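Reading through the structure tokens given below for one structure.
Not measured: the values here are computed from a predicted model. Each chain gets a letter, A, B and so on, in the order its sequence line appears, and its residues count up from 1. Just so you know, these numbers use all the heavy atoms, side chains as well, and skip hydrogens, waters and symmetry mates.
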Amino acid sequence: MIKWVYIEDISKYVDQEVTIKGWMYNKRSSSKIHFLQLRDGTGFIQAIMEKERFDDELFKKVKKLKIETSMIITGRVRKEDRAPGGYEIDVTSIETVQEPIEDYPISKKEHGVDFLMEHRHLWIRSKKQWAIMKIRNEVVKAIRDFFYESKFVLIDSPILTGSIGESAGNLFDIDYFDLGKAYLSQTGQLYLEAAIQSFGKVYCFGPTFRAEKSKTRRHLTEFWMVEAEVAYYRHKDNMKLQEELVVYTVNRTLKNAQPYLEILGRDTTKLLTVKTPFPRISYSEAIDILKEAGKDAKWGDDIGGDEETIISQKFDRPVMVYNYPKDIKAFYMQLNPENDREVLCDDMLAPEGYGEIIGGSERIWKYEVLLKRIEENNLPLDAYRWYLDIRKWGAVPHSGFGMGIERLVAWITGIKHIREAIPFPRTIYRIYP
RNA sequence: UCCCCGGUAGCUCAAUCGGCAGAGCGGGUGGCUGUUAACCACUAGGUUGCAGGUUCGAGUCCUGCCCGGGGAGCCA
């Protein structure tokens with residue numbers, strides 16, 4: 001029995017006969033030789049068939065095989081400079097598993113966004129999409145390892161929730177038995193704030209849902225977020241943690257995902273600069289930068305996508321903008337003791353125009369203060385009863401943040417739109433495939 | 001919800017001032033001794049998003065609708 005091997009390991013089998021199980025993503029032929037381009041999930045390789053070594057019928061049959069035929073081939077591995085990837089397989093036997101019943105719709109030429117999105121279930125087979133998902137895989141593993149090594153405890157938060165996260169109006173609701181409406185979670189933060197009282201350092205990692213009718217390259221209705229929360233951490237500790245997480249994740253990806261970054265043509269020199277410390281500028285300084293850039297910005301305005309780009313372009317690594325006006329931020333953020341018009345929060349803006357990837361803050365930890373803020377914001381007290389409860393028994397100062405996985409992956413991979421950073425994106429006008 | 005752009009062959013696009021709907025890729029047939037989105041020749045392929053209007057004549061102009069894309073707001 002000849003050994004079944006994966007393409008990523010092929011260099012270990014030079015001059016040996018091996019079996020590859022995969023798919024033919026392209027082929028080229030002349031009268032005397034076929035070049036079959038194969039993939040198997042781990043990589044890509046060229047297999048060749050010379051006419052003189054096969055009977056005419058089989059040779060003709062292979063010429064007519066359609067793109068995406070699944071097949072099992074056996075042959076001798078050879079180092080071959082003329083082959084893409086540097087190795088090729090001289091086929092000795094070929095067995096098709098399934099021959100396509102129609103022509104494959106995704107061609108080697110360019111396609112439009114609409115067509116590709118309609119065929120997302122097939123599009124993920126293409127090399128570029130494959131590389132992006134392999135990088136996402138590395139990014140997620142790096143994040144989990146960072147938290148594990150830093151002694152954080154994974155506390156998964158519920159997806160179905162009765163309470164309200166940051167603001168109503170952009171929640172998906174569903175009928176929940178006899179209890180009325182339930183909502184798809186838009187943050188796990190409130191649950192993490194409960195968990196730190198037991199575990200100290202916690203994080204959660206899962207899908208979140210926003211029913212905002214956003215139509216931009218930075219938004220999805222369903223996206224993955226990693227959130228961390230730490231007891232006794234103050235604002236500055238929080239920012240340091242964010243910075244360390246991002247540096248760790250980028251370095252690990254550069255180390256482990258180099259071949260995939262190359263497939264995407266990513267200019268990795270722009271990632272090599274991602275080292276501590278990240279620049280930190282106050283919201284007020286950010287407004288000054290925007291004014292200098294000729295923007296009509298004044299204190300109290302929120303910082304939009306274009307503004308984020310102007311700010312982040314001044315730096316070669318992510319920049320942290322801290323202490324925003326309280327009126328444009330969430331109710332649970334701690335007021336700045338040095339300026340009660342501001343809250344102790346920060347947004348991390350990725351370079352190259354990728355915008356906000358992290359939002360974090362120190363949380364209000366005193367019962368009376370939080371109660372007052374809930375009332376000021378006219379939030380339903382009943383829904384927040386348990387959240388207030390946390391502050392009754394041994395409350396401590398604490399801080400946390402959330403990082404958007406697709407935005408992070410989009411930045412690291414250098415792709416234009418975050419819909420390619422998730423296998424099956426959910427956008428406002430698309431629920432299939 | 002608002003602003004902007006688009007919808008022509010399976011796909012990507014072209015079509016001058018309103019005047020015979022075209023090309024490349026993909027498909028089919030044949031050819032080619034190492035291809036690199038292979039190449040060469042021939043060939044089939046159309047309700048121009050839908051409905052109405054103006055006109056001798058509409059892919060092109062007008063009205064309404066449908067679908068998608070980019071952005072704003074909001075956020076990660």
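- Residue A:Asp55 qualifies as enclosed at atom CG: its count of foreign heavy atoms under 6.0 Å is above 12.
- A donor and an acceptor atom sit less than 3.5 Å apart, one in the side chain of A:His219 and one in the base of B:C75.
- Closest approach of A:Arg419 and A:Arg120 over heavy atoms only: O-NH2, 4.1 Å.
- The side chain to side chain contact (heavy atoms under 4.5 Å, CB included) test with A:Leu36 singles out one residue from A:Glu88, A:Met49, A:Gln46, and that residue is A:Met49.
- Looking at A:Ser214, its side chain never comes within 3.5 Å of a backbone N or O of A:Thr216 through a donor-acceptor pair.
- Side chain of A:Asp302, nearest nucleotide from B:U12, B:G71, B:C75: B:C75.
- Looking at heavy-atom distances under 4.0 Å, A:Phe223 makes contact with a base.
- Between B:C61 and B:C3, the two C1' atoms lie 24 Å apart (nearest whole Å).
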Intra- and inter-strand pairs of RNA chain B in dot-bracket (Watson-Crick or G-U wobble, both distances under 3.5 Å; | for another strand) | (((((((..((((.....[..)))).(((((.......))))).....(((((..]....))))))))))))....

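- Going from atom OH of A:Tyr324 over to atom C1' of B:C74 covers 14 Å, rounded to whole Å.
- Of the N and O atoms on the side chains of A:Gln129 and A:Ser126, not one donor lies less than 3.5 Å from an acceptor on the other residue.
- Taking atom P on both B:G46 and B:G53, the two are 27 Å apart, rounded to the nearest angstrom.
- Rounded to whole Å, the distance from CD1 on A:Ile106 to C1' on B:C11 is 10 Å.
- As rounded to the nearest Å, B:A21 and B:C74 have C1' atoms that lie 45 Å from one another.
- At B:C75, none of the side-chain N or O atoms of A:Arg217 fall inside 4.0 Å of OP1 or OP2 (strictly under the cut-off).
- Going from the P atom of B:U8 to that of B:C13 covers 9 Å, rounded to whole Å.
- Nearer to the 5' terminus of RNA chain B, by closest-nucleotide assignment, is the contact made by A:Tyr429 (compared with the other of A:Tyr429 and A:Lys329).
- Annotation: of the two residues near RNA chain B, A:Gly305 and A:Arg430, the 5′-most nearest-nucleotide partner is A:Arg430.
- Using modelled atom types and a 3.5 Å distance limit, the side chains of A:Tyr324 and A:Asp347 yield a donor-acceptor pair.
- Note on A:Glu308 versus A:Lys314: no salt bridge recorded, every NZ/NE/NH1/NH2 to OD/OE distance being 4.0 Å or above.
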5' to 3', nucleotides 22-35 of chain B under a 4.0 Å protein heavy-atom cut-off (B base, S sugar-phosphate only, - none) gives --SSSSSS--BSBB

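- The side chain of A:His417 has B:G70 as its nearest neighbour among B:C11, B:A72, B:G70.
- Nucleotide B:G71 holds its P atom 10 Å from the CG atom of A:Asp306, rounded to whole Å.
- Per the geometry, CD1 belonging to A:Ile303 stands 14 Å off P belonging to B:A76, to the nearest Å.
- In summary, the side chains of A:Glu212 and A:Thr221 do not present any donor paired with an acceptor at a separation below 3.5 Å, with no hydrogens or angles considered.
- Side-chain contact check for A:Ser361 and A:Arg363: at least one donor-acceptor pair (N or O, by modelled atom type) lies under 3.5 Å.
- On the P atoms, B:U60 is 14 Å away from B:G6, given to the nearest whole Å.
- When the side-chain nitrogen and oxygen atoms of A:Lys213 are compared with OP1 and OP2 of B:U1, one or more of them lie within a distance under 4.0 Å.
- In the model, A:Tyr191 has a side-chain atom that pairs as donor or acceptor with a side-chain atom of A:Thr161 under 3.5 Å.
- With rounding to whole Å, A:Lys215 atom NZ is found 15 Å from B:G6 atom P.
- As rounded to whole Å, 17 Å separates atom P of B:G7 from atom CD of A:Glu118.
- Going from the P atom of B:U47 to that of B:U55 covers 28 Å, rounded to whole Å.
- Between A:Phe205 atom CZ and B:A76 atom C1' there is a gap of 12 Å when expressed in whole angstrom units.
- Taking atom CG on A:Asn170 and atom P on B:C74, their separation rounds to 12 Å, with Å as the unit.
- Nucleotides B:G69 and B:G49, compared at atom C1', are 15 Å apart to the nearest Å.
- Judged by distance alone, with hydrogens and angles left aside, A:Ser214 brings a side-chain donor or acceptor within reach of the base of B:G73, the pair sitting under 3.5 Å.
- Annotation: B:U16 and B:G26 have their P atoms spaced 28 Å apart (nearest Å).
- Taking the side chain as every heavy atom from C-beta outward, A:Val319 and A:Ile311 approach each other to under 4.5 Å.
- When the nucleotides B:U12, B:G73, B:A76 are ranked by their closest atom to the side chain of A:Leu220, B:A76 comes out on top.
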